[in-house]
Amino acid sequence: MTAPEGPAPWAADEPYTGPPPTGPYAAPPRVPGLLGADAPHWAGAPAGPVPWPLGPVPLPPGPHGPAGPGPLPVPVPVPHGAYPPGASGPGPLPPGLRLAPPPGTPPHDEPVPFLRAMRSRDWAWWRPLLGLLLFVVAYSVAAFVVVLLVLLTGIEPDLALLDLVDPGVLLVTNLSLIVAIPIVWLLWAVAHGMRPGWSSSVLARLRWRLFAPYTLRALATLGVGIALSVVLGFAFGDAEATGPVDDLLWLLLVVVLTTPLQSAAEEYVFRGYLSQAVAGWVRDPRAGALTAAVLTAALFSLAHAPGDVATFLDRFAFGLAASAVVWLTGGLEAAIVLHAVNNVLVFLLAGSLGDGVATQELPAGIGLLSLAVSLVAMGAYVALVATSRRRLRPEVLTPALDLRVPSGDPRAGGW
């Protein structure tokens, strides 16, 4: 097959019929041909590239300079602090400018326990104080809104009696406490600029795998202690079984659905944010943990309005036990289980047996004996949690990435 003779149709001399030119040059007739000297061009256009109207652009030295073309270097990301003192690398940043680590970088330069999680790279003494002030304001508003919404639904609990075995009273009480969980999460984001998960554990999240084994240990220790206290109250105290309370099914529903969350909320406040704030203000980690445990245990007991010394000591010991398992496990899971098992069992027994089961104070007549049983049960739970660490392997330190710049590095003031 041979090519047809004659000029190609696209190279014919034809007048230009397109839109008027928009450039600075007039459009001449097209010149026949495609390649070489006969290639189409605009008459009157300067030879070579058209100069940039803003003037020449200077280029930094490199392979594109006078030395001729060459392979371009491939940029390799260098982590902060990778240049040793005296080595070539980035110089100090301008005053006031600070480079942020990439997303997902751990906020700690070295591993820290759960109670020191607030002491990140951006730690400042005023951050926990700001968080506590925000908590007081936000929780007051949220609790009021919750109570108002419950009342608008038509539920009319007799809040003056504070009878927690009444389903309506227990529901309002639990919901007004549960709202503390998202508020604590909000504090971490607003006051600390950190993920809300740091309120839960050293992994910045709840470790769900720990709940089942800790629940079994709590039932075997605290559960037995609660049952024994109820039996002792009936045998040697003033307690009497009056039978199931009214609206038992509603009470069981409220207990099962809201009491574990209510227990978790109290742990997020006392063993979580408040303990982390107190421990963060103390320089020594062990002294901070001990100070936080004692202070939060006292506040926890007072918040439950104990009616006598024995009840205050019981709640105080409960707070110490919860702080102990938090320190042993690096998170709130074991403390949440301890609190939830205690509250759920107490309300289930109170609803089933009647007024003979005390929900707010130790059983009348055997207060000291019940306190002793409670102390043994809580101590046994702490011991089981401690001995299970080898098998369950709960993480007790946060992940970390050291981004600190040595003092002799020229960038020490800017990174």
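The side chain to side chain donor-acceptor pair (under 3.5 Å) search around Asn342 returns none, not counting sequence neighbours. Looking at residues two or more places apart in sequence or on another chain, you find no side-chain contact (heavy atoms from CB on, under 4.5 Å) involving Leu216. Tyr273 meets the side chain to side chain donor-acceptor pair (under 3.5 Å) test with His192; sequence neighbours excluded. Among residues two or more places apart in sequence or in another chain, the side chain to side chain donor-acceptor pair (under 3.5 Å) test is passed with Asp109 by Arg121. For the side chain to side chain donor-acceptor pair (under 3.5 Å) test, no residue two or more places apart in sequence or in another chain qualifies with Thr221. Listed by chain and residue number, Tyr139 satisfy the ring-ring contact (aromatic ring centres under 6.0 Å, His included) test with Phe135 (two or more places apart in sequence, or in another chain). Residues forming a salt bridge (Lys or Arg N to Asp or Glu O under 4.0 Å) with Glu266 (at least two apart in sequence, or on another chain): none.
Between Leu261 atom CG and Leu175 atom CG the span is 9.5 Å, to the nearest 0.5 Å. In this structure, Leu206 CG and Ile336 CD1 are separated by 5.5 Å, a value rounded to the nearest 0.5 Å. Distance check, rounded to the nearest 0.5 Å: OG of Ser370 to CD1 of Ile226 gives 9.5 Å. In this structure, Leu133 CG and Leu187 CG are separated by 10.0 Å, a value rounded to the nearest 0.5 Å. Here the CG atom belonging to Asp246 is positioned 9.5 Å from the CG atom belonging to Asp166, to the nearest 0.5 angstrom. Rounded to the nearest 0.5 Å, atoms OG (Ser263) and CD1 (Ile178) are 9.0 Å apart.
Within the structure, the salt bridge (Lys or Arg N to Asp or Glu O under 4.0 Å) test picks out no pair touching residues 377-386 (sequence neighbours left out). The stretch residues 190-211 participates, sequence neighbours left out, in these salt bridge (Lys or Arg N to Asp or Glu O under 4.0 Å) pairs: Arg207-Glu333, Arg207-Glu395, Arg209-Glu395. Here side chain to side chain donor-acceptor pair (under 3.5 Å) pairs that include residues 276-293, with residues two or more places apart or in two chains, number zero. Judged as a side chain to side chain donor-acceptor pair (under 3.5 Å), not a single pair has a partner in residues 376-392 (not counting sequence neighbours).
Using cut-offs of 30° and 60° for the angle between ring planes, the His339 and His304 rings count as tilted.
Not less than 6.0 angstrom separates the ring centroid of His108 from the ring centroid of Trp123.
Arg315 places no side-chain N or O within 3.5 Å of a backbone atom of Pro306 that could act as its donor or acceptor partner. Judged purely by atom type and a 3.5 angstrom limit, Thr259 has no side-chain atom pairing as donor or acceptor with the backbone of Val344. No donor-acceptor distance shorter than 3.5 angstrom exists from the side chain of Ser275 to the backbone of Gly272, with no hydrogens or angles considered. Side chain of Thr258 to backbone of Leu171: no donor-acceptor contact under 3.5 angstrom is found.
Two residues are said to be in side-chain contact when any heavy atoms from C-beta on lie closer than 4.5 Å; Leu338 and Phe318 meet this criterion. You'll find the side chain of Leu397 reaches within 4.5 Å of the side chain of Pro113, heavy atoms only. Contact check for Leu222 versus Met378: side-chain heavy atoms found under the 4.5 Å cut-off.
Stacking of Arg271 on the aromatic ring of Phe114 is not recorded, the 6.0 Å distance cut-off and the 45° axial limit not both being met.
Looking at Thr311 and Asp314, their side chains never bring a donor and an acceptor atom within 3.5 Å of each other.
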Side chains of residues 320-329: which donor-acceptor partners sit under 3.5 Å, not counting sequence neighbours?
residue	atom	partner	partner atom	Å
Ser323	OG	Gly319	O	3.2
Thr329	OG1	Val325	O	2.6
Thr329	OG1	Gly331	O	3.4

